[in-house]
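This report concerns only the one structure given below.
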Amino acid sequence: MGKFYDEIPGYVMAMIKKQHMFWVATAPLSADGHVNVSSKGVEGTFHIIDSHTVWYEDLSGSGVETISHLRENGRITILFNAFEGPPSIVRLFGRGKFYEFGTPEYNALIPPETRHPGSRAVIIIDVHKVGTSCGYAVPFYEFKSHRTRLLEFAAKVELADIEAEEADNAIRQSPRADNGLKQYWAQQNAQSIDGLPGMTFGQHSTDKFQTRGKVYKKDDESISMKGYLKKLDMSFILGFSLGVAATAASNFLFYRR
């Protein structure tokens with residue numbers, strides 16, 4: 001039997017903090033518009049302010065449905081599933097608003113030293129109803145690790161903007177590299193699939209990215225983003241080399257029998 005609350009109970013907050021991912025649902029007002037559900041899962045992006053307020057760091061993606069729908073009507077629902085431990089489903093019903101990269105509100109919540117590469121907006125939800133249900137049909141899943149490919153991609157395209165700013169700063173106030181993140185926002189995140197306005201500020205912001213030299217924490221080891229990307233390449237090379245060596249040794253021992 002489901003239960004409803006006017007605010008987020010303490011035990012629900014505890015459950016939410018244990019989850020590694022969540023889902024965001026929004027919809028346009030148009031009767032034939034597309035309802036959107038987005039999965040989110042990058043570590044450290046979801047935050048609880050109090051029993052009525054939560055926010056998350058919105059990372060760049062191929063679409064901009066959530067921002068577009070919030071701009072039009074503000075309706076939003078956040079869903080959490082418990083994949084480990086006791087079964088549980090939590091829905092946070094609320095009104096949402098957003099602040100794009102480069103705005104004072106965005107900078108107040110996400111200073112450069114804590115910003116994730118590719119972060120494009122802050123999504124803040126005023127929660128007016130909380131629904132809990134059993135979750136008996138949700139299967140067990142064992143968490144392995146967070147994916148980092150989105151952060152790697154964002155770091156590379158942000159670096160293109162950084163280099164353009166350094167090379168052309170004397171000529172233009174806010175240069176935008178053709179292969180940079182701001183240009184990506186302008187091309188991919190300017191409107192929803194239904195044609196609703198999406199990002200309107202971030203792609204024109206004069207605020208600079210600071211991916212270069214940014215510290216990204218992974219597995220309790222702090223390394224620079226550039227070093228992190230290099231480490232990924234070296235890990236692949238090392239793993240591949242060890243695999244080849246192990247196969248060769250195995251074949252050698254087999255044929256010596």
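For clarity, every value in this text was computed on a predicted model and none was experimentally measured.
For Phe101, the ring pair (Phe, Tyr, Trp, His ring centres under 6.0 Å) partners two or more places apart in sequence, or in a different chain, are Tyr106, Trp185, Phe209.
A salt bridge links Asp58 to Lys40: at least one charged side-chain nitrogen sits closer than 4.0 Å to a carboxylate oxygen. Salt bridge present: Arg115 and Glu158 bring a charged side-chain N and a carboxylate O closer than 4.0 Å.
For the atom pair CD1 (Ile123) and CG (Leu109), the distance works out to 11.5 Å, reported to the nearest 0.5 Å. We find the CH2-CD1 distance between Trp55 and Ile125 to be 10.5 Å, quoted to the nearest 0.5 Å.
A side-chain donor-acceptor contact under 3.5 Å links Ser60 to the backbone of Gly118. At distances below 3.5 Å, at least one donor-acceptor pair connects side-chain atoms of Arg176 with backbone N or O atoms of Gln203. Formation of a donor-acceptor pair under 3.5 Å by the His52 side chain with backbone atoms of Ile49 is not found in this model. With hydrogens and angles ignored, the 3.5 Å screen pairs a side-chain donor or acceptor of Asp161 with a backbone N or O of Leu181. In terms of modelled atom types and a separation under 3.5 Å, the side chain of Thr53 and the main chain of Asp50 share no donor-acceptor contact. In this structure a side-chain-to-backbone donor-acceptor pair under 3.5 Å is missing from His34 to Asp194. Side-chain atoms of Lys182 come within 3.5 Å of backbone atoms of Ser205 as a donor-acceptor pair (strictly under, hydrogens ignored). Of the possible polar contacts, one joining the Glu57 side chain to the His116 backbone as a donor-acceptor pair under 3.5 Å is found.
Sorted by first and then second residue, the side chain to side chain donor-acceptor pair (under 3.5 Å) pairs with a member in residues 10-20 read Tyr5-Tyr11; sequence neighbours excluded.
Residue Asp6 places its CG atom among 12 or fewer non-hydrogen atoms of other residues, nucleotides or ligands, all under 6.0 Å distant.
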Just distance, no hydrogens or angles: give the donor-acceptor pairs under 3.5 Å from side chains in residues 61-74, sequence neighbours left out.
from	atom 1	to	atom 2	distance (Å)
Glu65	OE2	Ile193	N	3.0
Ser68	OG	Val64	O	3.1
Ser68	OG	Pro197	O	3.0
His69	ND1	Thr26	OG1	2.7
His69	ND1	Ala27	N	3.4
His69	ND1	Glu65	O	3.3
Arg71	NE	Gly198	O	3.3
Arg71	NH2	Glu100	OE2	3.3
Arg71	NH2	Gly198	O	2.7
Arg71	NH2	Thr200	OG1	3.4
Glu72	OE1	Leu29	N	2.8
Asn73	OD1	Arg75	N	3.0
Asn73	OD1	Arg75	NE	3.3
Asn73	ND2	Ala27	O	2.9
Asn73	ND2	His69	O	3.3

